[in-house]
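First up is the structure itself, then whatever we jot down about it.
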Number of protein chains: 2
Amino acid sequence: MKDIAKEANVSIMTVSNVIHKRKSKVSEKTEKKILEIINKYNYTPNMSARSLVNNSSKLIAFILYQNRKGERNLFENPFNTEVLAGVDKVLKENDYYLLVQSVSTLEEIYLIIKTWRTAGVIILGILPNEVSHLKENIDTPIVLIDTVTPNEAGVYTVGIDDRNGFQIATEHLIANGHKNIGFVSYSQILGGVDEQRYLGYVDVLKAHHIEINENLLFRYNKDKMNMDTFSDEIVKKKDFITGLVFTADFLAIEVMDSLKNKGIAIPDDISVVGFDNLSISQFTSPKLTTVHQDITTKGQEAAHILLKVLMEKKLN
Amino acid sequence: MKDIAKEANVSIMTVSNVIHKRKSKVSEKTEKKILEIINKYNYTPNMSARSLVNNSSKLIAFILYQNRKGERNLFENPFNTEVLAGVDKVLKENDYYLLVQSVSTLEEIYLIIKTWRTAGVIILGILPNEVSHLKENIDTPIVLIDTVTPNEAGVYTVGIDDRNGFQIATEHLIANGHKNIGFVSYSQILGGVDEQRYLGYVDVLKAHHIEINENLLFRYNKDKMNMDTFSDEIVKKKDFITGLVFTADFLAIEVMDSLKNKGIAIPDDISVVGFDNLSISQFTSPKLTTVHQDITTKGQEAAHILLKVLMEKKLN
DNA sequence: CTGAAAGCGCTTACAG
DNA sequence: CTGAAAGCGCTTACAG
């Protein structure tokens, strides 16, 4: 910038004004001259310097969070990476950049944000009871995906009507004559989207005067169980169960595979309905019946919300 | 930092020395005092300031590159995200951070690197003939994944013996009595890993005195074809073909699905062998026979190479 | 419309 | 072992 200013015989200030397109502040003539020099030298602004002055960077942190010791690889789950795809697309179009990390504690999140003075943060996997802690420790806008929480100032959420979605899933099985329908989810059911989905499941059973049977609720704790022992629990009750609703396609696919290996025919012995409509779900056999949600759109939505809030902040 | 220095009654310099663990330069007593204050205020260094001084940040760019107009979402491919998982893990353990973006031009890559003064870059999808251009425009260490290129100074590659891997895949079909084996890959075959795999395919056919039949080479151009018309080409030759080798599981899964929809039984009508051993490959039906490669390890490897080079740079 | 000054938080020589 | 100075590249008031 200094060199450009020298070559154009203007001050650094003027170059800065040109870069920031403050047209009213620079004559067209000098602007043109400076732009030429900028292009000639292929000048790129140094983000570190800018961030330092502004005490905020053009970085958005994208965090995959899972507060458990398990050595699970969060990037293996297509749901997470489809969200990432949406975020990538929108931020790129708006000259923001994406800092990605998977973490297992909230403190790691705080550290990233402070270290890089990120403009905002998008997080997957936060539980409702963690939101207030999060809010106290982060002073940039926060967007949570699939966390069911009241909108507080500074905390925005992206989600769908999970309860209704799951009513649809459950209703589908009922419509096909099923009564003994198992509910299969990951373990942290309290407060998360899975609770909403559970409520949708209950809604439908109740509407059809079917009693909720605790024995048909299967919760997969990824850290304490393996898929084999988990599916055994379902196998034990196979003569009773005729249908299963899953809160996630990814889980449905894994369980289906395990059940098939144990000689259970799907859908002949047990019918299955998933949730998410992951792109891989169409490749299972039989094709997984699933409730669609547009995952990439969730990511785009999250990014848009963040950008909007950031714009408003700037105007104040 | 200034505040910490003031409270400890030392200079900023001394605080800096403590933070960087230059033990020889600070007495144990002052060190302890300073560390206490650092903890008390939960001090986190400002990376922007550091990057500015060093003219290099603790950011590593992870780029998914595809030089085509197609609107393909690169995060949808589990291969890419499994690599990402490996990179994430290693960088996190070494206090580096990950800047992720999918791009469609080399210029976008250069821009990211200059803008953020990244310490290094890991790229997927570079073709061999693009390497020299890349090298001329990037002055940080570059690690290319699955690009077949001679090792030049500053450009490192992570890959496997693709030719041998594909010999194994092809040999598997031969061993099962197949002779008319189709080779299915994505379109950009020249110079990439697919060429190595093609050579492996040729090796085996030749060894068994089977002539290469141009009509059995299927190249899927994602931008110009759709899966339906592509699989039609295979269907046309279904009475002749008895086996197919695929250069990627992801492609195999999509094609298999399409073929099944068109009434082709797998493996009864046509046997299929994939490549990669994606975690989702085990969920297809029939389970995809595939040549294993440890994808996450490729990502870890890439990160390790980068860190090693960075360490060596520092020592000079 | 243009410019000189101060400062963001840190590090790197260098002097004591 | 400790410190004062200069500077990284940029922006934000402010003065002309």
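- Pairs passing the salt bridge (Lys or Arg N to Asp or Glu O under 4.0 Å) check and including a residue from residues 46-66 of chain A, sequence neighbours excluded, do not occur.
- Salt-bridge annotation for B:Glu93 and B:Lys89: present, with a side-chain N of the basic residue lying under 4.0 Å from a carboxylate O of the acidic one.
- Within residues 27-36 of chain B, no residue places a heavy atom under 4.0 Å from DNA chain C.
- Along DNA chain C, the stretch of nucleotides lying under 4.0 Å from any heavy atom of chain A spans, 5' to 3', C:dC1 to C:dG9.
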Canonical and wobble pairing (Watson-Crick, G-U, under 3.5 Å) of DNA chain D, dot-bracket with |: |||.||||||||.|||
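- Using a 3.5 Å distance cut-off with no hydrogens or angles, the side chains of A:Thr297 and A:Gln300 do not pair a donor with an acceptor.
- Contact check of residues 43-50 of chain A against DNA chain D (heavy atom, cut-off under 4.0 Å) returns A:Tyr43, A:Pro45, A:Asn46, A:Ala49, A:Arg50.
- When the nearest nucleotides of DNA chain D are assigned to B:Met13 and B:Leu52 by heavy-atom distance, the more 5′-ward of the two goes with B:Met13.
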Take B:Glu130 and B:Tyr65, measure what side-chain hydrogen bond (donor to acceptor under 3.5 Å, both in side chains) needs, and give me the verdict at the end. CA-CA 11 Å; B:Glu130 296 169 319; B:Tyr65 169 68; 2.7 Å; yes
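- Without hydrogens or angle criteria, A:Thr44 side chain to B:Leu111 main chain gives no donor-acceptor distance under 3.5 Å.
- Between the side chain of A:Thr30 and the main chain of A:Ser27, a donor-acceptor pair closer than 3.5 Å is present.
- With sequence neighbours excluded, no residue satisfies side-chain hydrogen bond (donor to acceptor under 3.5 Å, both in side chains) with B:Thr149.
- Under the 3.5 Å distance criterion, the side-chain polar atoms of B:Lys92 are matched with a main-chain donor or acceptor of A:Ser102.
- Using modelled atom types, one side-chain atom of B:Asn137 and one backbone atom of B:His133 make a donor-acceptor pair closer than 3.5 Å.
- Counting only heavy atoms from C-beta outward, the side chains of A:Leu144 and A:Ile122 never approach each other to under 4.5 Å.
- Here B:Asn17 lies out of heavy-atom contact (under 4.0 Å) with every strand.
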Apply the test side-chain hydrogen bond (donor to acceptor under 3.5 Å, both in side chains) to residues A:Ser51 and A:Ser48: give CA-CA distance (whole Å), side-chain angles for both, the deciding distance (0.1 Å), then the verdict. CA-CA 5 Å; A:Ser51 309; A:Ser48 304; over 6 Å; no
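- The shortest side-chain heavy-atom distance between A:Gln66 and A:Ser104 does not fall under the 4.5 Å cut-off.
- Residues B:Asn55 and B:Ser11 each lie close to DNA chain D; by heavy-atom proximity, the contact nearer the 5' end of the strand is made by B:Ser11.
- Looking at heavy atoms from C-beta onward, A:Leu91 lies out of side-chain contact with B:Gln101 at the 4.5 angstrom threshold.
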